[in-house]
Visitor: 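Following this message is one structure expressed as structure tokens.
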Number of protein chains: 2
Amino acid sequence: MVVTPQLLKTFPLLSGLPYATLEGIAGQSSVRRAARRAIVLNAGQNEEQICFLFEGRLQGVDFTIDGREVGLYFVEPGEFCGELCLFDGGAQPEFVMALTPSVIVSIPLNSMQTLLKMHPELFATISAKIAGHVRKMTFQRSLLGLPNIAQRVCCQLWMLVPEKDKEKEEAQIRNPPTHMEIAIMLNISRETVTRVFQSLQNRQIVKRDGTSLLVVNKVGVLRGYAEGKQEL
Amino acid sequence: MVVTPQLLKTFPLLSGLPYATLEGIAGQSSVRRAARRAIVLNAGQNEEQICFLFEGRLQGVDFTIDGREVGLYFVEPGEFCGELCLFDGGAQPEFVMALTPSVIVSIPLNSMQTLLKMHPELFATISAKIAGHVRKMTFQRSLLGLPNIAQRVCCQLWMLVPEKDKEKEEAQIRNPPTHMEIAIMLNISRETVTRVFQSLQNRQIVKRDGTSLLVVNKVGVLRGYAEGKQEL
DNA sequence: CGTCTTATGTGACCGCAATCACCCCGTTTT
DNA sequence: AAAACGGGGTGATTGCGGTCACATAAGACG
């Protein structure tokens, strides 16, 4: 499929670039659909591409020495991943997998490097992204320290609430991760996640609406659980 | 205390700089001793300094919502920390604490920024350092996925073995972290770490030599445990 | 020197989440 | 339409590591 400048313009990182530049980049880029569970980036390889997520949800995953899956972070539409090679040319440390059918725009590493030379102001955004990633990982790690499992799940759920809905009473989480995908993020078993969700549903705090929508009815209460102000 | 150019030159990041430049930086920098448990960098604040560790050992630590300590990474002599503000000007995400009495050289953020303008080639090293940090955190996260606790401890211990000793039969770990400090890195209790160490000592794999030295007698065996090839 | 503090060592107990085994249900595949 | 699959739901069991409560050892320090 063809990458259009309009498509590239939808990504915050690139939205400020002149049309002509975007046209050039578009010519070197590619767009692909990734099926559920498809590998977008491989660990341990020099992937040499920056992946922009247009639609869907991705997850960074790693594996322990004994083969268990470990969830690292989620990638939401508009964000990108695989940018670590811009910093040290090294290999991709973790796998990136599509959790839902996704649309991904890939810009090759060297196109990206050329672009950065022409527009060094983009460096600030990319640096900020990496810095943000470090902060996110730090926070995620601190989640694992919580002895209360339900609180862990609520924190993770809270992070999936769209920014714009955090102050509202009700929120929607589109394409929510499966229980398994949440479980590996939090180092707990799938069954335990299910049981916490049951508990939340019984209290009418969340509600499933089909397979691709999770409604948070009482955003404030969820937040309370996440912050440990109330026990589930 | 006064920072000399010679002191700065001991740090890999700065060792390639001309003497005159180092003199300039030295004038703006400061060196301090941090006692055991002293806070070197505060979380949530704009610390605006890059800290180079000359001697000792530091640990990045965070706290969960309910106040538990979480260990994030260790800083070894020659390395630096607090560099995240170079990337987004944001606050320091985690605390950095001295585990042993340490000597730390601090370069203010704006001196560092000026230096980077004059010597953009340093960017590569700093970028690589951040990239390395991301890789380290990813690995550390995958450690937490290990269901076998003893293996986790052995992995952590293996990472403390100096690079130069990894192929040898015997290795020394100077200023080893306490059991508690290892425990918070691995999300396990202090007692459990103690029990694993007992087990390792009984099998003559490690040996304490005073308070500031841990001798690994059988490096290969430790590695075997770390990689899950043998069960402890 | 004795006193304080911090680190380590160890047993007993117990609670909680992992595991296992199975169910249901909706979707996709054949 | 049947079969296969993946996701979610649930009970019973159990083992492992957390917690608690001490004991002991080793420095730190006046």
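Just so you know, these numbers use all the heavy atoms, side chains as well, and skip hydrogens, waters and symmetry mates.
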Visitor: Can you measure A:Asn187 atom CG to D:dC16 atom P for me and round it to whole angstrom units?
Guide: 18 Å

Visitor: Where do N or O atoms of nucleotides 3-7 of chain C meet protein N or O atoms at under 3.5 Å, pair by pair?
Guide:
unit_1, atom_1, unit_2, atom_2, d
C:dA7, OP1, B:Arg36, NE, 3.2
C:dA7, OP1, B:Arg36, NH2, 2.2

Visitor: On the nucleotide C:dG9, are OP1 or OP2 found under 4.0 Å from the side-chain N or O atoms that B:Gln201 carries?
Guide: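 The answer is yes; a side-chain N or O of B:Gln201 sits under 4.0 Å from OP1 or OP2.
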
Visitor: Please determine which of A:Gln230, A:Glu167, A:Lys166 meets the side-chain contact (heavy atoms from CB on, under 4.5 Å) test together with A:Arg223.
Guide: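 Testing A:Arg223 for a side-chain contact (heavy atoms from CB on, under 4.5 Å) against A:Gln230, A:Glu167, A:Lys166 leaves exactly one candidate, A:Glu167.
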
Visitor: Will you find, in the side chains of B:Glu231 and B:Tyr225, an N or O donor that is under 3.5 Å from an N or O acceptor?
Guide: no

Visitor: Between D:dG27 atom C1' and B:Asp209 atom CG, what is the distance in whole Å?
Guide: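 About 16 Å, once rounded to whole Å.
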
Visitor: Treat primed atoms plus P, OP1 and OP2 as sugar-phosphate and everything else as base, then score nucleotides 20-30 of chain C 5' to 3': B for base contact with protein heavy atoms under 4.0 Å, S for sugar-phosphate contact only, - for none.
Guide: BB---------

Visitor: Is there a side-chain contact between A:Val215 and A:Val206, using heavy atoms and a 4.5 Å cut-off?
Guide: no

Visitor: CD1 of B:Ile149 versus P of C:dA17: gap in Å, rounded?
Guide: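 Spelled out: CD1 on B:Ile149 to P on C:dA17 is 15 Å.
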
Visitor: Output, in order, the C-alpha distance, side-chain angles, deciding distance and verdict of salt bridge (Lys or Arg N to Asp or Glu O under 4.0 Å) for B:Lys218 and B:Glu169.
Guide: CA-CA 6 Å; B:Lys218 301 173 183 166; B:Glu169 196 46 45; over 6 Å; no

Visitor: Separation of A:Phe197 atom CZ from D:dG7 atom P, in whole Å?
Guide: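 Checked: the CZ to P distance equals 14 Å.
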
Visitor: For B:Gln198 and C:dT8, is the shortest distance between a side-chain N/O and OP1 or OP2 below 4.0 Å?
Guide: no

Visitor: Could A:Asp66 and A:Arg68 be called an ion pair, given the rule that one side-chain N must be under 4.0 Å from one carboxylate O?
Guide: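 Yes.
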
Visitor: Could you tell me the separation between the CG atom of A:Leu146 and the P atom of D:dG18, rounded to a whole number of Å?
Guide: 15 Å

Visitor: In terms of ring plane angle, is the pair B:Phe52 and B:Phe11 parallel, tilted or perpendicular, where the classes change at 30° and 60°?
Guide: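 The rings of B:Phe52 and B:Phe11 sit tilted, inter-plane angle from 30° to 60°.
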
Visitor: With respect to A:Val70, which candidate in A:Val61, A:Thr64, A:Ile184 satisfies the side-chain contact (heavy atoms from CB on, under 4.5 Å) definition?
Guide: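 The passing option is A:Thr64.
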
Visitor: A:Ile188 CD1 to D:dC16 C1': how many Å, rounded?
Guide: 18 Å

Visitor: Just to be sure I understand the rule, does B:Asn148 reach a base, reach only the sugar-phosphate, or reach nothing, if contact means heavy atoms closer than 4.0 Å?
Guide: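 Here B:Asn148 touches no strand at all.
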
Visitor: Are A:Lys168 and A:Glu170 close enough for a salt bridge, meaning some N to O gap below 4.0 Å?
Guide: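 Answer for the salt bridge query: no.
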
Visitor: To the nearest angstrom, how far is B:Leu186 atom CG from D:dC16 atom C1'?
Guide: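 Nearest whole value for this atom pair: 17 Å.
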
Visitor: Do any side-chain nitrogens or oxygens of A:Thr194 fall under 4.0 Å of OP1 or OP2 in D:dG7?
Guide: no

Visitor: Base, sugar-phosphate, or nothing: which does B:Ser189 touch, judged by heavy atoms less than 4.0 Å apart?
Guide: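 Contact class for B:Ser189: base.
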
Visitor: Please report, rounded to the nearest Å, how far the P atom of D:dG9 is from the CG atom of A:Leu200.
Guide: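 Whole-Å distance recorded here is 11 Å.
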
Visitor: Checking all strands, does A:Thr211 fall into the base, sugar-phosphate, or nothing category for heavy-atom contacts under 4.0 angstrom?
Guide: nothing

Visitor: Which sits closer to the 5' end of DNA chain D, A:Met180 or A:Pro147, going by the nucleotide each is nearest to?
Guide: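 The residue mapped nearer the 5' terminus is A:Met180.
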
Visitor: Hey, are A:Thr178 and A:Glu181 close enough side-chain-wise for a donor-acceptor pair under 3.5 Å?
Guide: yes

Visitor: Distance alone, cut at 3.5 Å: any donor-acceptor contact between the side chains of B:Gln140 and B:Gln156?
Guide: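 Yes.
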
